[in-house]
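Written below as structure tokens is the structure these notes are about.
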Amino acid sequence: ALRAGVAREDIWHEAALLERLVYKNANQHRSSTHMRRLRKVCRLMSHMRDLRLGGLLSDLEAMALVASTPPECGGADGARTVHRLPVREAAVYAMSRLLVCCGVLQAVPAAVTAAADA
């Protein structure tokens, strides 16, 4: 469900449209409250786009597939078993990016509501 939500192009088209509208009207309305709030929404959406969550989800899936493959036996007698696990640093990096993404996603509805109320 998360992958489908990230892969949807309409949210990124709307974000690009909003950025263009803010850019075109920035000088005329630069000191207004609603323009500051719209800039905050644009900034949050830009952070979301920069996180590249779709690629991150693919990386996590690939790490999980590697970790879940059955172990290989080293010889005919089965003396050695090799476990393939994801690198800890890669998992920490992916999880920290997911946490940042969650923080950004939690801030978006409040920013959108504040911009709509202005």
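Quick caveat, the model's predicted, so the values are computed rather than measured.
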To the closest 0.5 Å, what do you measure between [atom1] ([X]) and [atom2] ([Y])?
X: L105; Y: L98; atom1: CG; atom2: CG; result: 10.0 Å
X: L17; Y: W12; atom1: CG; atom2: CH2; result: 14.5 Å
X: C42; Y: L21; atom1: SG; atom2: CG; result: 8.5 Å
X: M95; Y: C102; atom1: CE; atom2: SG; result: 8.5 Å

(Q) So M35 and S32, do their side chains get closer than 4.5 Å, heavy atoms only? (A)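 Yes, side chains in contact.
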Q) Does the side chain of L38 reach to within under 4.5 Å of the side chain of L18, using non-hydrogen atoms? A)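 L38 vs L18: side chains touch.
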Q.
So which atom in A115 and which in V41 form the shortest heavy-atom distance, rounded to 0.1 Å?
A.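 That closest heavy-atom pairing would be CB-CG2, 4.4 Å.
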Q. Does any pair with a residue in residues 29-47 pass salt bridge (Lys or Arg N to Asp or Glu O under 4.0 Å), and if so which ones, sequence neighbours excluded?
A.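 Listed once each, the pairs would be none.
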**Q.** Contacts of type salt bridge (Lys or Arg N to Asp or Glu O under 4.0 Å), residue R49, not counting sequence neighbours
**A.**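 Once residues adjacent in sequence are excluded, the partners of R49 under the salt bridge (Lys or Arg N to Asp or Glu O under 4.0 Å) criterion are E19.
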**Q.** Within residues 32-55 or reaching into it, pairs that qualify as ring-ring contact (aromatic ring centres under 6.0 Å, His included) - sequence neighbours excluded
**A.**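 Sorted pair list: H29-H34.
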Q | Cluster link I11 to V112, ILVMFWY, side chain under 4.5 Å | A |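 Cluster IDs for I11 and V112 match.
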